[in-house]
Amino acid sequence: MQRIILSTESGADLPGDLAEKYEVQVVPMHIIMDGKDYMDGYLPVQDIYDYHRRTKKIPSTTSTNAHEYQEFFATIRDSFPDCIIIHIGYTSKASSSFQNAVIAAEDFEDIFLIDALNVTGGLAAVVLYAAELLEKEPGMEPERLVEKIKAIVPKSRLAFIPGDLEFLKAGGRVSNMASLIGSLLKIKPCIELKDGKLISTKKYRGKMSRATEKLFMDYLNEFNIDRQQLYFIYSIGLDERIKERMEEVAKENGFQNIRWIQAGGMISTHSGPGGFGVAGLEH
């Protein structure tokens with residue numbers, strides 16, 4: 001029986017202990033800072049914010065290229081001979097990374113590629129769903145597992161409030177960013193993944209503590225989220241009191257398994273310090 005190995009990008013912000021537990025292989029995306037190329041996951045996030053504070057510049061990001069994917073897939077095969085690879089990728093609507101994986105996969109057999117149409121915790125939720133399925137049923141046929149993952153992709157829901165709109169604006173990833181200009185200092189926008197695109201939906205006024213709670217309640221009202229698992233995403237700088245309060249609110253609403261995910265370099269470069277997000281899977 002061929003073993004199935006799951007893979008994804010660093011933009012999933014998959015916690016290291018879970019990647020290790022399920023042997024999920026993670027390929028780094030890139031952060032360009034001061035003309036130098038850094039691999040996401042190997043550059044401390046604090047360095048990004050220190051760079052911005054020092055230079056008033058915001059780093060840029062680039063996707064994993066096709067050659068890197070070829071090396072990545074080849075390394076997986078070296079480590080796990082004759083394995084079947086299921087790659088669950090960062091949304092193709094906000095990065096060329098998935099298309100580069102498609103190009104690289106042409107040189108390999110037994111690779112399945114799934115566009116998760118999501119990022120950070122929303123992508124991690126899909127990867128971990130697949131990992132848990134595989135743990136429960138290691139002999140599952142790859143085609144059946146792929147079918148189940150594809151079915152859960154539209155049920156992964158992510159919403160977040162960026163910590164600094166300057167970072168969001170510079171990243172240029174939000175398709176209706178223009179609608180936010182003019183009131184940048186007065187509002188805290190909710191960014192959601194809609195059909196794989198980052199869209200500014202609701203707008204919250206007031207302190208971050210109030211906005212995060214309102215975001216979460218709106219999220220629960222809009223989506224019928226499975227109470228078995230919830231993911232909170234934060235970028236460095238989020239007030240610890242907000243984190244404590246959000247855990248309380250989540251437990252009050254029936255969530256017992258709450259996992260905090262720290263935004264890595266790729267996501268932090270677009271959301272800025274002090275951001276907050278929530279991700280989960282709908283029933």
Review point. Do Phe232 and Ile258 come close enough that some side-chain heavy atom pair is under 4.5 Å?
Key: yes

Check your understanding: Any sub-3.5 Å donor-acceptor pair from Arg157's side-chain atoms to Lys155's backbone N or O?
Key -> no

Check your understanding: With distance as the sole test, does Tyr219 use its side chain to make a donor-acceptor pair with the main-chain N or O of Gly280 at under 3.5 Å?
Key -> yes

**Study point:** Criterion side-chain hydrogen bond (donor to acceptor under 3.5 Å, both in side chains) against Asp50, the qualifying member of His52, Gln46, Arg54
**Key:** Gln46

Review point. With Glu213, which of Lys207, Lys188, Arg245 fulfils salt bridge (charged side-chain N to carboxylate O under 4.0 Å, His left out)?
Key: Arg245

Review point. Under 6.0 Å from the CG atom of Asn221, do we count more than 12 heavy atoms belonging to anything else shown?
Key: yes

Check your understanding: Is it the case that more than 12 heavy atoms not belonging to Arg210 sit under 6.0 Å from its CZ atom?
Key -> no

Review point. Any donor and acceptor pair, going by atom type alone, linking the side chain of Glu68 with main-chain N or O of Asn65 inside 3.5 Å?
Key: yes

Check your understanding: Are Asp239 and Arg241 ion-paired here, with the side-chain N under 4.0 Å from a carboxylate O?
Key -> yes

Practice item. Could you pull out the closest heavy-atom pair between Asp226 and His283, with the gap in Å? Key: CA-NE2, 3.4 Å

Revision key, fill the gap. The residue among Asp37, Thr61, Thr62 that forms side-chain hydrogen bond (donor to acceptor under 3.5 Å, both in side chains) with His30 is Asp37

Review point. So, are Asp218 and Lys214 salt-bridged, with charged N and O less than 4.0 Å apart?
Key: yes

Exercise for review: Could you tell me whether the side chain of Asp13 and the main chain of Gly121 form a donor-acceptor pair under 3.5 Å?
Suggested key: no

Check your understanding: Is the count of non-hydrogen atoms from other residues, nucleotides or ligands lying under 6.0 Å from Asp195 atom CG greater than 12?
Key -> no

Review point. Taking the side chain from Lys57 and the backbone from Tyr51, do they hold a donor-acceptor pair closer than 3.5 Å?
Key: no

Review point. Are Phe216 and Phe276 an aromatic pair by the rule of ring centers under 6.0 Å?
Key: no

Check your understanding: Checking Thr8 side chain against Ile88 main chain: does a donor-acceptor pair fall under 3.5 Å?
Key -> yes

Exercise for review: May I ask you to test the Tyr49-Ser235 pair for a side-chain heavy-atom distance under 4.5 Å?
Suggested key: yes

Review point. Under 3.5 Å, is there a donor-acceptor pair between the side chain of Asn100 and the main chain of Thr64?
Key: yes

**Study point:** Polar side-chain atom of Asn118 near backbone of Ser156 as donor-acceptor pair, under 3.5 Å
**Key:** yes

